[in-house]
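Below is one structure, written out as structure tokens, with a few remarks after it.
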Amino acid sequence: MVFIKTSYFLNKALDNIRQNPFVNLIAIGVIAISFLIFSTFLMLFSNLNSLLALWEEEIQIELFLDDNLSGEKIDALQKKILSMANVKEIRYINKEEALSSFKKSIPGMDVLVKDLNNNPLPASFEIKLAESSKSFDMVKAAAKKLSTIDGVNDAVYGQEWVERFSTSLAIARLVGLIIGAFLLMATIFIVSNTIKLTVYTRKEELEITRLLGATDRFIRLPFFIEGILQGLAGSALSLAGLYLAYRIFIIKVSSSVQASLVTGTFQISFLSTPTITYVLFGGMALGLFGSFISLGRFLKV
Amino acid sequence: MVFIKTSYFLNKALDNIRQNPFVNLIAIGVIAISFLIFSTFLMLFSNLNSLLALWEEEIQIELFLDDNLSGEKIDALQKKILSMANVKEIRYINKEEALSSFKKSIPGMDVLVKDLNNNPLPASFEIKLAESSKSFDMVKAAAKKLSTIDGVNDAVYGQEWVERFSTSLAIARLVGLIIGAFLLMATIFIVSNTIKLTVYTRKEELEITRLLGATDRFIRLPFFIEGILQGLAGSALSLAGLYLAYRIFIIKVSSSVQASLVTGTFQISFLSTPTITYVLFGGMALGLFGSFISLGRFLKV
Amino acid sequence: MIEMYHVYMAYQRDANALEDINLKIEKGSFVLLTGPSGAGKSTLLKLITCQEKATKGQILVGGRNIVRIRHSSIPYLRRNTGIVFQDFKLLNKRTIIDNVSLPLEIIGKSRKEIKHKAWNVLKMVGLQHKIASYPLQLSGGEQQRVAIARALVNDPAILLADEPTGNLDKENSEYIMELLRRANTKGTTIMLATHDKNLIENYHYRVVGLEKGKIISNG
Amino acid sequence: MIEMYHVYMAYQRDANALEDINLKIEKGSFVLLTGPSGAGKSTLLKLITCQEKATKGQILVGGRNIVRIRHSSIPYLRRNTGIVFQDFKLLNKRTIIDNVSLPLEIIGKSRKEIKHKAWNVLKMVGLQHKIASYPLQLSGGEQQRVAIARALVNDPAILLADEPTGNLDKENSEYIMELLRRANTKGTTIMLATHDKNLIENYHYRVVGLEKGKIISNG
Ligand SMILES: Nc1ncnc2c1ncn2[C@@H]1O[C@H](COP(=O)(O)OP(=O)(O)OP(=O)(O)O)[C@@H](O)[C@H]1O
Ligand SMILES: Nc1ncnc2c1ncn2[C@@H]1O[C@H](COP(=O)(O)OP(=O)(O)OP(=O)(O)O)[C@@H](O)[C@H]1O
Ligand SMILES: [Mg+2]
Ligand SMILES: [Mg+2]
């Protein structure tokens, strides 16, 4: 067999693109838009995730302690709790601190407290759980377990809010994954079908080339390369568009609202470099896939 | 001029679809998927909105009253506040109710309260604002205004949570609108370009028909009808797909989590009938638009 | 019926496909247009139906100057003209009878009349048994006869036939020529481009000879 | 070179396009295939390149039975066969020279050799001044000559020419016949389908006559 250089097929693919500017522009445009939808979603989803993670940070369990525990006992308790698998952080709050923060928390409280002859507020631990243990069920279970520890009077964790919040998180993530999977499939569908149409416009050319003695490989290779190039161009365009939108729009909006969103600082970020790479490779793979499934039916002569 | 029946063009359009099953199936498929993305978004967005509205319900301002106000004074105050433009609901909580709910709210509190010789907690009003006044700024302003009323000691509204929550709402809605607009444009782009490709595959047919003496109108009308039919089929398919997904999937998921999401009952709902109508008409309009912009370049002979 | 005055046509800037064509085709006449490959025969026919625009000169068809005709008037010009294209230009997605029906559909004839006429003309060219076939299921000569049938179905005032017998055997050619002769007798003005020396010799029609875009014989 | 034994071919169940064809074409011979429109000439040629499959019978090409050839082997069969298609089958998006280069590209010749050979063969058919044009910018006869050039560029062992002179005037036809004769002299086996009585009379090649799918004369 005669050796045929790869550069020949690359040139052929570029020729094809040049010879069919109309269909190629449309294909690349449609691929770009599909990927723009998908990568916009990726960006929103990853930012939403970071934001939720920040908020999750703040879920904590308060552990009210029995009165009259000795300092050693408290130290031992603290060590014991911290050594539990899902506890990340623990902070001790003594009776005085509890009272003073209590005074601040409800207006008019100082009047009430003034009249007290002794401090009725218990000392407590503030406990932050590990990332992986922040679902409502796990917080609940952890609180229950903690409350049975000897020396612990009660465990409190803002039941209602935590429940609602962590459920929202779970839903948001689930919905996000479902939407992501759906968008991915939609992108694959749209891109591969668009490529199918572009191949279809060249049905005759394919048939003639085959009648002149071309092997399937000879016919396919330029189309595969063309598909890869279309996919690359489309996904690169989508990233460029998204980045532009991110610069001129999202940053502006976010800077005006982010301050109030979280206690810490939260910066809406662009897609990470690995994600960008995935998107580009995804574009190429999809272009290749699109050409691949399109060509079969036209190589029957 | 000879009279040509509309039914002729409808038949012609149906013939065209039958004669080009491959490109038509692809076009309808792509339109369906694009619309599926868009109408999925519509459904999520409208449900999110309902959910947020439910949550918003719960934002309220607590107004602590001076001690020793007379019953008439309190009645007068209540009427006055209720008559304010943005107040929707008001509930009076007397000192005893305040104390008993206080006892329940923090464990170990009964110990503290037991020692009291008089009830130090103030009476209060719980105020719900009108729908339109629930942005953080408006709640803040309302609280400030309410706190200056004679007989009112302090106004409290869970500053931090309300702020974060209402900002989230605003962002969610803004992002939703932006995404919606973007998806709409993307759908228009994808659909019209797909139709362009299908028209392109019939370039020759168009040219020949024109060479045989057909007017532009004669050539265009079947394409317009075909575009409308494609758009209708595509959007109807997307709605059917969405409804199916809604039945077998979303309802299942939601029933397992919705209970915990809100205090009241919240049911994920399908698109409203007007929205369904809009989507179908949108499909037809878009199909027409797609054919319209595609045909120009092929009628030059 | 067709008059040309100093007509020039150039596809590219430097090369004239037609040069200084002066031609008068009387109503009801039958003219053969001959010349070697690339002489400009097809180009000349294309000018008459506004498929191409003359670079210079005036062209009258049925008394009307078509050089600066509006885009929207072109269809009405073409409806009076039957064209047999050199490359047939059949619609591959339509059956033979639908192809032949098209010119009648375009002018809005009734369904019944269309069917009747299309069938008749297909029978005339000997293809009544192929009406439900598609163009790509026909032999070259059969396709050519479909193209002829489509051009005739409309009883056009002018018939422009570009090499209509190139894919036909002698018997079929003679038969097609007889069909054209009959149409001509009924009043159709015919211009037929051909290289077929037999046609030129056997039929004593007026012959216009083209070479390199110029008329070299006319009579 | 080409042998057919009891070959039947039916596009539709009921109608045979070819019936009981028995034919032996010697290596290096020049055979004219004639018959009226729709006789089955093109179909016969299509069988030889596996464009269509015979319904029954055996076909040997170069000693190899191609009736049950694998899909992946067909290209190699076609590389030894030059085909002039009745409808040309040029690639409209490629220039003339690129069209003619295609068979050489397919077998992986070097760029230089391709250019050289394509240019030579286009010069032979008198189109060296059109190499940069696209097929739709050529006259019918010019397109036909491009199709002939493409079939010859590869010095094929077999040349199947389907009505290669239908759009050509007498001079060009004779010239093309001379080209084919020369190819034949250099060893190419040629089958040429035609209705052109002049060809049959002027050249004393073997003539195979088809009618309604059957061989009615052979010699
Ligand atoms: N679309 C075009 N663009 C550029 N040049 C063209 C175009 N169409 C035809 N030509 C050139 O114009 C000249 C005349 O072409 P035309 O088709 O009129 O020839 P013809 O007499 O019909 O020849 P044939 O007998 O081969 O059909 C030829 O040299 C051809 O290459
Ligand atoms: N793809 C097809 N499907 C169905 N029938 C076909 C097909 N191709 C050809 N035929 C029929 O087979 C018969 C022989 O066709 P073929 O093309 O071989 O004729 P031919 O001898 O080449 O005629 P011509 O001189 O007109 O080109 C014709 O009746 C034709 O209608
Ligand atoms: Mg011509
Ligand atoms: Mg044939």
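Below, read A as the first sequence line, B as the second, and so on, with proteins coming before strands; counting in each chain starts at 1. Side chains included, hydrogens not; waters and symmetry mates left out as well; all remaining heavy atoms used.
- For the options C/Ser173, C/Gly141, C/Ala17, heavy-atom pairs under 4.5 Å to chain D are most numerous at C/Gly141.
- Between D/Ser37 and C/Glu142, the shortest heavy-atom distance links the atoms OG-N, 3.3 Å.
- Within the 4.5 angstrom heavy-atom criterion, no atom of C/Gln143 approaches chain D.
- Across D/Leu168, D/Asn172, D/Thr43, the residue that shares the most heavy-atom pairs under 4.5 angstrom with chain C is D/Leu168.
- Residue C/Gln144 does not touch chain D at all, counting heavy-atom pairs closer than 4.5 Å.
- Identified by a heavy-atom distance below 4.5 Å to chain D, the contributing residues of residues 192-202 of chain C are C/His195, C/Lys197, C/Asn198, in residue-number order.
- Between C/Lys41 atom NZ and D/Asp169 atom CG the span is 6.5 Å, to the nearest 0.5 Å.
- For the pair D/Ser42/C/Ser139, no side-chain contact is recorded, criterion being any heavy-atom separation below 4.5 Å from C-beta on.
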